[in-house]
Number of protein chains: 2
Amino acid sequence: MQGKPTTIKEIAQILGISVSTVSRALHDHPSIGITTRAKVKKLATELSYEPNQTAIFLQKGKTHTIGVILPELSEAFFSSAISAIEDTAYKKNYTVLLAQSHDDEVKEKQLVEKMKNHRVDGLLVSVGKNTSSYQHFENLKKYNIPVVYFDRIPSIPNIHYVACNMEIGTIEAVSYLLKKGHRTIGMINGPQTMVATGERKEGYIKAMTKNRLKYDPSLIVSCDLTEQGTQKALDELLNNKRKPTAIVTFNDYVALFAIKYAQKLHININKELEFVSYANLPIINYMENIPAASVEQFPYLQGQKATDILMDLLHHQGATGNEPSAFYKVIIESQLVENKK
Amino acid sequence: MQGKPTTIKEIAQILGISVSTVSRALHDHPSIGITTRAKVKKLATELSYEPNQTAIFLQKGKTHTIGVILPELSEAFFSSAISAIEDTAYKKNYTVLLAQSHDDEVKEKQLVEKMKNHRVDGLLVSVGKNTSSYQHFENLKKYNIPVVYFDRIPSIPNIHYVACNMEIGTIEAVSYLLKKGHRTIGMINGPQTMVATGERKEGYIKAMTKNRLKYDPSLIVSCDLTEQGTQKALDELLNNKRKPTAIVTFNDYVALFAIKYAQKLHININKELEFVSYANLPIINYMENIPAASVEQFPYLQGQKATDILMDLLHHQGATGNEPSAFYKVIIESQLVENKK
DNA sequence: AAGTGCCACGCAAACGTTTGCAGTAGCTTA
DNA sequence: TAAGCTACTGCAAACGTTTGCGTGGCACTT
């Protein structure tokens with residue numbers, strides 16, 4: 001009753017039958033007599049038998065577990081994504097093994113090893129921003145452990161990924177501001193090193209040219225995403241010979257820094273100076289002075305899609321065993337959302 | 001090279017020795033000759049051998065995995081806690097199996113079963129707010145799976161837990177406002193059903209009586225924590241015959257709702273009406289109109305402590321096997337933190 | 001030369017399952 | 001009445017490790 005859980009062996013012993021019969025009975029194998037089956041099931045529930053998954057894992061070579069490695073669990077974007085991953089995996093009866101890399105490439109490598117040893121069936125990864133080599137992920141192919149990347153994806157060929165394209169959203173954002181009558185639109189962009197920075201810039205330029213306006217490079221300034229950096233960037237924009245009446249910021253954090261600073265400069269937010277941002281923070285809806293609109297990146301959806309893809313891979317790889325010829329490349333288009341006040 | 005990972009058996013075969021020798025060699029067992037040991041290790045690295053954890057799990061009956069069940073991964077408080085849990089577990093070489101209950105008691109029960117079947121060594125739980133029976137957790141005792149509760153703890157005896165006591169923090173919060181000259185202090189409290197609501201109320205009363213002020217029950221109003229509810233609560237307070245000049249709110253969400261509403265009523269925040277809240281949101285520091293101070297609940301610390309306790313339990317239970325006579329009851333005192341602007 | 005001790009290693013069981021293959025009834029069929 | 005079925009059930013191997021115990025050989029004592 002107490003101590004060790006019941007095993008199939010014990011059930012067999014009590015009933016005076018063999019373990020294989022018990023196993024088959026519990027799985028409704030057709031070759032087991034109806035009466036035996038009933039007896040076994042009855043006793044199983046009585047003893048509250050639960051199969052030992054670790055034994056099944058060993059036997060089957062599958063763990064029904066997926067590993068998730070992402071940079072920072074406490075960031076709003078990722079916590080939303082992990083929530084989606086867990087939800088989706090749960091529905092398919094998979095379990096989630098979780099780890100965070102803290103953007104540390106060395107730790108990331110260790111985590112991959114750990115996941116491999118735990119024999120996860122597949123892996124969901126958002127790579128650290130400092131990660132330069134992806135060999136540790138590539139190695140997994142040898143072991144038939146599929147990897148699906150999401151949001152922060154490595155720039156290598158032949159991978160499955162889900163990502164959000166910032167360009168469309170940015171075009172929408174700029175167009176939105178143009179439609180509202182703004183003609184001088186600034187952008188506080190991210191560091192040059194990030195892919196997302198390029199996408200935003202491209203979107204900005206496309207939106208301008210599409211509306212037959214000429215693109216003024218001095219209206220896009222880089223920023224290291226800190227509060228200080230944001231203030232510096234805003235100063236730069238406000239002192240530009242063409243002073244913007246609206247600004248697109250790299251993300252919500254930057255937007256809030258900028259808004260806070262602008263208020264200190266006695267600028268009337270959304271009157272004198274309008275903001276549009278990229279949604280990282282759900283909290284934005286609780287606040288008073290917020291960007292007029294945000295480019296939504298759908299973290300929940302990204303997590304969900306990525307998990308779905310992984311599930312699909314897991315259920316279809318068994319047959320082939322070798323590298324797939326086709327790769328999932330899902331791009332979720334970012335989308336402008338007007339923030340309700 | 002490709003396909004299945006190397007096993008101990010293969011190494012043994014190649015070297016013409018037995019599996020037990022290989023196993024012992026890899027574990028630096030003293031009874032293995034230095035030369036054999038070297039040979040084994042060399043070949044192991046050459047073949048990039050990695051022990052199959054599932055086999056070890058089965059053999060040892062331990063998985064070096066801890067389960068974590070909490071209500072909502074995407075909430076700031078919990079994402080911060082899970083981050084701490086993962087960090088702490090990682091340091092002790094444990095892995096985290098994650099699941100969220102969405103405050104659904106039925107799902108919570110299923111998750112407990114799942115965790116048990118996965119043979120997690122221990123469990124970390126923050127119970128759902130609708131959970132009324134704790135039998136599913138109690139059952140784990142039979143299987144020697146220790147459970148440590150944190151933050152949202154069940155009101156039953158003989159459990160290990162880490163929680164944050166709101167009373168002290170509330171006393172500090174009210175005292176802080178009193179010291180600033182406020183004499184009429186309102187409180188927007190949570191639903192009567194929650195333990196935390198009681199703690200806040202107690203703290204409020206104690207702070208008042210300590211300062212020889214009489215406690216006016218009409219200054220504490222309940223609230224269902226929604227935006228509407230908050231507005232209703234604030235209206236009630238503002239229309240009270242003694243109109244408060246400061247308000248303590250149940251949490252940051254409520255505070256932000258209230259502040260937003262107060263601004264709409266053209267009330268000068270932190271001049272006419274000052275706010276103190278309980279910290280759930282890191283984002284608070286990015287904002288302009290925020291509560292003057294917050295009662296910090298230390299989610300990261302709670303997660304860390306809870307994990308430490310679980311680790312301790314895991315490393316000391318093996319000897320006894322039966323229920324411990326002493327229980328960890330760690331109370332982290334909440335603490336007032338002035339919010340920097 | 002026989003006894004003692006130690007070192008280095010192998011044997012085999014065990015962990016709890018699943019599953020291919022055999023086997024044994026009892027029954028039908030010719 | 002023997003052959004052949006069908007309907008059940010059992011045997012044993014396998015998954016990859018760990019570990020108690022046994023055993024061979026060698027060197028050392030006396």
Side-chain angles (χ1 to χ4, degrees), chain A residues 3-41 43-44 47-65 116-121 143-145 318, chain B residues 3-41 43-44 47-65 116-121 143-145 318:
Chain A
K4 297 295 149 213
T6 343
T7 73
I8 224 173
K9 209 182 274 181
E10 290 166 10
I11 298 186
Q13 202 165 13
I14 295 175
L15 257 43
I17 58 180
S18 80
V19 281
S20 42
T21 303
V22 176
S23 172
R24 279 189 255 256
L26 292 172
H27 287 83
D28 282 323
H29 192 284
S31 80
I32 298 297
I34 183 106
T35 56
T36 332
R37 211 184 301 185
K39 267 196 304 186
V40 169
K41 287 196 174 178
L43 186 59
L47 298 178
S48 67
Y49 165 78
E50 297 284 348
N52 184 333
Q53 296 290 359
T54 62
I56 298 177
F57 295 164
L58 175 60
Q59 164 66 31
K60 298 222 165 162
K62 292 280 161 204
T63 58
H64 254 64
T65 301
K116 195 175 72 191
N117 296 349
H118 268 263
R119 295 295 188 273
V120 295
D121 292 347
Y143 301 106
N144 276 321
I145 302 179
Chain B
K4 297 295 148 212
T6 344
T7 73
I8 224 175
K9 209 182 273 182
E10 290 166 11
I11 299 185
Q13 201 165 15
I14 295 175
L15 258 42
I17 57 182
S18 79
V19 281
S20 42
T21 304
V22 176
S23 172
R24 279 189 255 257
L26 291 172
H27 287 82
D28 282 322
H29 193 285
S31 80
I32 299 298
I34 183 107
T35 56
T36 331
R37 210 184 303 183
K39 268 197 304 188
V40 170
K41 288 196 174 181
L43 186 60
L47 299 178
S48 66
Y49 165 77
E50 298 282 348
N52 183 334
Q53 296 290 358
T54 63
I56 299 177
F57 295 163
L58 175 60
Q59 164 66 31
K60 298 221 165 164
K62 292 281 160 204
T63 58
H64 254 64
T65 302
K116 193 174 73 191
N117 296 349
H118 268 262
R119 295 296 188 270
V120 295
D121 291 348
Y143 301 107
N144 276 323
I145 302 179

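To find a chain, count down the sequence lines: A is the first, B the second, and so on, and within it residues start at 1. Atom set for the values below is all heavy atoms of this structure, side chains included, hydrogens, waters and symmetry mates excluded.
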Exercise. In Å and rounded to the nearest 0.5 Å, what is the CG to CZ distance from A:Leu58 to A:Arg119?
Worked result: 10.0 Å

Exercise. Do side-chain atoms of B:Thr54 reach the backbone of A:Phe57 as a donor and acceptor pair under 3.5 angstrom?
Worked result: no

For this session: Using modelled atom types only, decide if a donor and an acceptor are shared between the side chain of B:His27 and the backbone of B:His29 within a distance under 3.5 Å.
Result: no

For this session: Verify side chain to side chain contact (heavy atoms under 4.5 Å, CB included) between A:Ile8 and A:Leu26, making sure each step is shown before the conclusion.
Result: CA-CA 9 Å; A:Ile8 224 173; A:Leu26 292 172; 4.3 Å; yes

For this session: Test side chain to side chain contact (heavy atoms under 4.5 Å, CB included) on A:Glu10 and A:Val22 and set out the steps.
Result: CA-CA 10 Å; A:Glu10 290 166 10; A:Val22 176; over 6 Å; no

Problem set entry | Minimal non-hydrogen separation, A:Thr21 against A:Ile17, with atom names | CG2-CD1, 4.1 Å

Seminar exercise, completed: Axis-to-axis angle for the helix from C:dA1-D:dT30 to C:dA30-D:dT1, ends of five pairs each, to 10°, equals 70°

For this session: Summarise protein proximity over nucleotides 6-18 of chain C in one line of letters, 5' to 3': B for base, S for sugar-phosphate only, - for none, counting protein heavy atoms closer than 4.0 Å.
Result: --BBBBB-BBBBB

For this session: Apply the test side chain to side chain contact (heavy atoms under 4.5 Å, CB included) to residues B:Thr7 and B:Asn52: give CA-CA distance (whole Å), side-chain angles for both, the deciding distance (0.1 Å), then the verdict.
Result: CA-CA 8 Å; B:Thr7 73; B:Asn52 183 334; over 6 Å; no

